[in-house]
> 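Got a structure here, written out as structure tokens. Questions coming.
Given the structure is predicted, the values throughout are model-derived calculations rather than measurements. We name chains A, B, ... by the order of the sequence lines, and we start the count at 1 in each one.
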2 protein chains.
Amino acid sequence: MKDPLQDLIQAYHELNAAVVEELWEEPSALEFMRYVAKNRPFVVRQAAIDWRAVERWDAGYLRKEMAGKEVNVAVTPLGNADAVVESPSGSKIFVEPFETSEPFDSFLDAVQASSSKGANDTSNARYAQTQNDNLRNEYSSLYRDVPADIPFARIALSQPAEAINLWLGNDRSVTSLHKDNYENIYVQIRGQKQFVLMPPIEMPCVNEQLLGKGRYATTSEKETQARSDEELIIERDANAEPVPVAIWDPDLPNQNPTPYSHLAQALRVTLQEGDLLYLPSLWYHKVSQSVGEEGFVCAVNYWYDMEFAGQHWVTSSLVRDVYWEEEMKVRYPDLDLDEEGSDEVD
Amino acid sequence: MKDPLQDLIQAYHELNAAVVEELWEEPSALEFMRYVAKNRPFVVRQAAIDWRAVERWDAGYLRKEMAGKEVNVAVTPLGNADAVVESPSGSKIFVEPFETSEPFDSFLDAVQASSSKGANDTSNARYAQTQNDNLRNEYSSLYRDVPADIPFARIALSQPAEAINLWLGNDRSVTSLHKDNYENIYVQIRGQKQFVLMPPIEMPCVNEQLLGKGRYATTSEKETQARSDEELIIERDANAEPVPVAIWDPDLPNQNPTPYSHLAQALRVTLQEGDLLYLPSLWYHKVSQSVGEEGFVCAVNYWYDMEFAGQHWVTSSLVRDVYWEEEMKVRYPDLDLDEEGSDEVD
């Protein structure tokens, strides 16, 4: 029997090359809108090479501009913020980082010291990654070094950026495969980022599971700042609703696959300093990184609200719903899931 | 149990009003591209009011410009070109019109005479509707009276019109519910058109059936022109592949419904002389018409190739495939369509 999801993924690949289109000039608003309409990514090499951020942001400059400021930091033992952790018994849990606030200066010290270029790479990993418009708040003294908005995106989408985020960490942090309900313009400032991208229709490949939630915490209850070498424990949140989490990793294709995972054709692109990526709404992405000369990685991204009208959102939900319907049949073959019994004599 | 197709249609309606957006100015190319991205229709009232076609195309002018020219005409007993005909035994067949060629002058005579404003409305219906770029071929002497292309669409879609078609007939002709693989700009010149529109995700509502094909033919084999009062018979084409045809009509919702038809929210819009409609690719549309002062209806449309890359085409196919999978289970409940038996004890 034909499998609609398999046909979907295969037809998509017949019509869409599994490469990120490479441009050497910013698109116009209209050209950008054509990519949004297709929900397809592109990279513009060297688009931001003249940004003051790309020209100026070395450790010394950042320390000077951020002197005396406290910043929010995600702390994890292995650079695994918002990631799946498997317990010794084999059960999986989605774990958020320990969040703390610390002086920028000591945060950057810890980032540089614990990168692969640093000495102290067994300590906890630290990542400034709040995604709450932090560049216009905590890091507002650096906001002047980037464009206030991305003109081609602002004009095409007819709205200003909803959030502008700064990401600062090192190569120990990996963002595991997930998707966002935003159109995303991602710009590399220092170091490199390796993106692994999968289109929304590959949802059946990523093995989404409903997992319980937890959070890294310090062992001392009174401690609000985790020392860089302190052990973190996972605190389960028994009250949290389970969240859907992709547990298949395109870089480890033989672990946790679904019957569809082998059909996936992940796109890979590395951003160099000054490169700009359009990451379309609802695309799955996994991000790892390499530090620049001074032992840190820094990027800025602009999030724009996605369009929920039209067919994009609802058909992505259909893919999920059809997949889950199949899954339920495989998991619970004895349950009569149809309204009319399919095994009755007519 | 949740029904993914029902959820799809309901979510679509929660996010998209069942109205055709009404503009009073042509969109820019970028504004148009936003509608294309959403796959949503709009009408621009009076957009073509200054076109020479709207100013000049009366019967006298058309006769003068087309003097001595032969044109292709679709002839049907009831104005039902490309429509389902039910045999006395109840079986359905998709019937194409008798196609003939005749002098423009006598064609227009027949159209005017057989309209509801004419005397002779029991004769065959005639409709010039070849959809083969006829305005730049058969009717090239009239092409100068319309824009060579629609700038906002040509620029947005980065391509010239693939076909520009003239439609000339009367109120006896109805185009039954169907969809096209084109982005369509439709401009009313004379008379009115009533469009009934349904988005691609409402495919489960339209009751698509695979039907055999036939064609109206004259009873006399040597006859290549059907006299206006001649009886036409249906010739089945036994060699033709069955074609998928929508047999539900949103204007007769109780006939031939599917379990999803009641969820449909058809959009309705009437084009007046000078109005322009953007009819997005893959939208179902049914078109009926009212004649202008001189007893004929005339429109022009511009077809642009649709984008098959991205998710639009493949997710529309998914809706169809999921619907058909459901249909097969309903029709053949005893067939074990799953690879693993769902009624086995585990």
Side-chain angles (χ1 to χ4, degrees), chain A residues 1-5 7-12 14-17 28-31 33-40 155-158 199-201 280 307-322 324-325 328-330 333-346, chain B residues 1-5 7-12 14-17 28-31 33-40 155-158 199-201 280 307-322 324-325 328-330 333-346:
Chain A
M1 187 178 179
K2 272 167 66 93
D3 179 330
L5 293 177
D7 289 355
L8 169 71
I9 298 167
Q10 289 177 334
Y12 184 85
E14 278 163 26
L15 293 165
N16 297 275
S28 71
L30 173 57
E31 288 168 329
M33 199 61 212
R34 292 193 195 116
Y35 286 94
V36 175
K38 280 195 289 191
N39 189 243
R40 291 288 299 178
I155 296 167
L157 304 173
S158 199
I201 61 99
E307 178 61 81
F308 288 89
Q311 305 204 137
H312 173 42
W313 171 259
V314 296
T315 55
S316 294
S317 300
L318 174 68
V319 174
R320 178 200 63 206
D321 290 349
V322 171
W324 272 104
E325 199 186 32
M328 295 302 280
K329 283 182 200 155
V330 172
D334 284 346
L335 264 183
D336 186 0
L337 298 166
D338 295 323
E339 276 141 285
E340 266 114 50
S342 66
D343 52 351
E344 291 187 332
V345 181
D346 72 350
Chain B
M1 186 178 176
K2 274 168 64 93
D3 179 331
L5 293 177
D7 289 355
L8 169 72
I9 297 167
Q10 289 177 334
Y12 185 85
E14 279 164 25
L15 294 165
N16 298 276
S28 71
L30 173 57
E31 288 168 328
M33 199 60 212
R34 292 193 195 115
Y35 287 94
V36 175
K38 280 195 289 191
N39 190 243
R40 290 289 299 179
I155 295 166
L157 304 173
S158 199
I201 61 99
E307 179 61 80
F308 289 88
Q311 304 205 136
H312 173 42
W313 171 260
V314 297
T315 55
S316 295
S317 301
L318 174 69
V319 175
R320 179 201 61 207
D321 290 349
V322 171
W324 273 104
E325 199 187 31
M328 295 302 280
K329 284 181 199 156
V330 172
D334 285 346
L335 264 183
D336 186 1
L337 298 166
D338 295 324
E339 278 140 283
E340 265 113 50
S342 66
D343 51 352
E344 291 187 332
V345 180
D346 73 349

> Where on A/Ile155 is there a heavy atom nearer than 4.5 Å to chain B: the side chain, the backbone, both, or neither?
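For A/Ile155, heavy atoms of backbone and side chain both lie under 4.5 Å from chain B.
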> So do the side chains of A/Met33 and B/Arg34 get within less than 4.5 Å of each other, counting heavy atoms only?
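When only atoms from C-beta onward are counted, B/Arg34 and A/Met33 do touch, with a gap below 4.5 Å.
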> For B/Leu5, which of A/Leu318, A/Val322, A/Asp321 qualifies under side chain to side chain contact (heavy atoms under 4.5 Å, CB included)?
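Of all the options given, the one that passes is A/Leu318.
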> CZ/B/Arg320 to CG/A/Asp7 distance, rounded to the nearest 0.5 angstrom?
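So the CZ of B/Arg320 and the CG of A/Asp7 are separated by 8.5 Å.
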> Quick check on A/Ser316 against chain B: is it the side chain, the backbone, both or neither that has a heavy atom closer than 4.5 Å?
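Just its side chain gets close to chain B.
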> Of the listed residues (B/Pro280, B/Ser317, B/Ala156, B/Ser28), which shares the most heavy-atom pairs with chain A below a 4.5 Å separation?
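Top option by heavy-atom pairs under 4.5 Å: B/Ala156.
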> Nearest heavy-atom pair of B/Trp313 and A/Leu15: which atoms, and what distance?
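Where B/Trp313 meets A/Leu15 most closely, the heavy atoms are CD1-CD1, 3.6 Å.
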> Between A/Asn16 and B/Gly310 (side chain of the first, backbone of the second, donor and acceptor by atom type, cut-off under 3.5 Å), is there such a pair?
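Looks like yes, one N/O pair under 3.5 Å.
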> Answer with side chain, backbone, both or neither: which region of A/Gln311 has an atom nearer than 4.5 Å to a non-hydrogen atom of chain B?
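A/Gln311 touches chain B through backbone and side-chain heavy atoms alike.
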> Between A/Glu307, A/Arg40, A/Glu14, which has the largest tally of heavy atom pairs under 4.5 Å with chain B?
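Top option by heavy-atom pairs under 4.5 Å: A/Glu307.
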> Is B/Thr315 in contact with chain A via its backbone, its side chain, both, or neither, using a 4.5 Å heavy-atom distance?
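Interface part for B/Thr315: both.
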> Among all residues two or more places apart in sequence or in another chain, which pass the ring-ring contact (aromatic ring centres under 6.0 Å, His included) test with A/Trp324?
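None.
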